[in-house]
*Asks:* 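Quick one: structure below, then a few questions.
A, B, ... follow the sequence lines: proteins, then strands. Residue 1 opens every chain.
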2 protein chains.
Amino acid sequence: MDGSVRKPRGDTAEKILDLGEMLIQTRGFNAFSYQDISTALGIRKASIHYHFPSKSDLGAAVLDRYRSRLYAAMAGVDPDAMTSWNILETYFTPYLGYAKTPDRVCLCGALAGEFPALPPDMQTHVTAFFEEHQAWLATILKRGRGSGEFRFSASPAKMARLIFDALQGALLVKRTNGDIRQIKDVIQVFKAIVMPS
Amino acid sequence: MDGSVRKPRGDTAEKILDLGEMLIQTRGFNAFSYQDISTALGIRKASIHYHFPSKSDLGAAVLDRYRSRLYAAMAGVDPDAMTSWNILETYFTPYLGYAKTPDRVCLCGALAGEFPALPPDMQTHVTAFFEEHQAWLATILKRGRGSGEFRFSASPAKMARLIFDALQGALLVKRTNGDIRQIKDVIQVFKAIVMPS
DNA sequence: GTCTATAAGATGATAGAC
DNA sequence: GTCTATCATCTTATAGAC
């Protein structure tokens, strides 16, 4: 995304990142501790500090990896090999995957709830994540309308805001009621709006 | 809402609730402490514990008051004196109010980000809040369609999910980028969808 | 109803041995 | 790279004087 080469990480660091990501997604950044990771992985807190000196370092590293992974997925789609709606469906897949778990939401959606309490590095990541995802969605929507596949009168940027905000909100609300329709309905209705039959 | 009579509270308790509400909305539940309130109000931590023995009590009381206040606003609208769209606009007003502040979001939207880490009492409040607001929105949408003011093909419940999720998501995203269009665009696009000219 | 004082535990973090 | 040991600080919470 930013062109930087990402350093390979050892097994332990990777496991810490995996768990940190899950803990933020399920409980939030301020509600988990190094002790939680220590217990779950069977290593001492000092070992975690060796890999990630401060909690803010860990949080930023989790965000960096998360963004890279999703960005690679977005950049990997070949627009000419799929319909625009299929591209959107591919984009929705991870959200639906989280919705199938009892309590995982988008990493940045969870962090947005405590945004002003986050370390500056992490705030930057969250802001950039939202920006790049909405911009990408706008390009797909624009392309789909240009090809005649989609029909809507608002600007692609505004439609992108609507569906992105709705996806983020849907995951959060879904977690509080366990009803997967919270997100499925949103996708279904959005489809009917941009692809009227 | 639940028919219970709410006890009047003294000045100090009310100030604690006011500040607690603001702190949750701006920083989240796990990121503020009794010390924060103590400092801001110029009282000792023990005094806060006198009014709200545990932090979970305080959180539940904040939620109870917040829900009652918004519920009263919803119950206070006279459907026969306003257009359905004007009723929705009235409903959107507090969201737009928060969006005009630098870092306030919906109380329950903030809490949703750390939902599994919340005390059970608070979880119940958040779940009920989302449920009752979506149900209320559905009735307004149904009424508007029945009267011919609105036009949409999905069920009112699904349309309610879309706009509610989008509002919650919009507030959270808006806080990360400071751009009020994040929520204004959502409302504008939604209006164009349900009220095609 | 507010205070002082204090407790018991968790937190993020560091030093230094192995 | 992981450990033991330790730190200073913050956290929620309580007892008891005023």
*Asks:* What is the ring orientation for B:F150 with B:F152, classed by angle as parallel under 30°, tilted 30 to 60°, or perpendicular over 60°?
*Replies:* tilted
*Asks:* Would you say the side-chain atoms of A:R161 pair up with the backbone N or O of B:A170, donor to acceptor, closer than 3.5 Å?
*Replies:* no
*Asks:* Looking at C:dT2, I'd like to know if its phosphate oxygens (OP1 or OP2) sit under 4.0 Å from a side-chain N or O belonging to B:T12.
*Replies:* yes
*Asks:* Write down the atom of A:R143, the atom of A:T83, and the distance for their closest heavy-atom approach.
*Replies:* NH1-C, 4.4 Å
*Asks:* Given atom OH of A:Y34 and atom C1' of D:dT4, what is their separation to the nearest angstrom?
*Replies:* 19 Å
*Asks:* D:dT2, OP1 or OP2 - any side-chain N/O from A:Y50 closer than 4.0 Å?
*Replies:* no
*Asks:* Whole angstroms only, please: what is the CD1-P distance between B:I37 and D:dA13?
*Replies:* 12 Å
*Asks:* Roughly how many Å is it from CG in B:D57 to P in D:dT14, rounded to a whole number?
*Replies:* 10 Å
*Asks:* Quick check on C:dT11: is either OP1 or OP2 less than 4.0 Å from any side-chain nitrogen or oxygen of A:S33?
*Replies:* yes
*Asks:* In terms of the nearest nucleotide of DNA chain D, which residue is placed more toward the 5' end: A:K45 or A:H51?
*Replies:* A:H51
*Asks:* Could you check how far NZ of A:K55 sits from P of C:dT11, rounded to whole Å?
*Replies:* 9 Å
*Asks:* Find the distance B:I43:CD1 to C:dT4:P and express it as a whole number of Å.
*Replies:* 12 Å
*Asks:* Is B:S47 near enough to C:dC3 that one of its side-chain N or O atoms lies under 4.0 angstrom from OP1 or OP2?
*Replies:* yes
*Asks:* Could you check how far CZ of A:F52 sits from C1' of C:dT11, rounded to whole Å?
*Replies:* 19 Å
*Asks:* For B:F52 and B:Y34: C-alpha separation, side-chain torsions, deciding distance, then whether ring pair (Phe, Tyr, Trp, His ring centres under 6.0 Å) applies.
*Replies:* CA-CA 10 Å; B:F52 304 97; B:Y34 272 37; 8.3 Å; no
*Asks:* Whole-Å distance between C:dT4 P and B:H49 NE2?
*Replies:* 15 Å
*Asks:* Between C:dA10 atom P and B:N30 atom CG, what is the distance in whole Å?
*Replies:* 15 Å
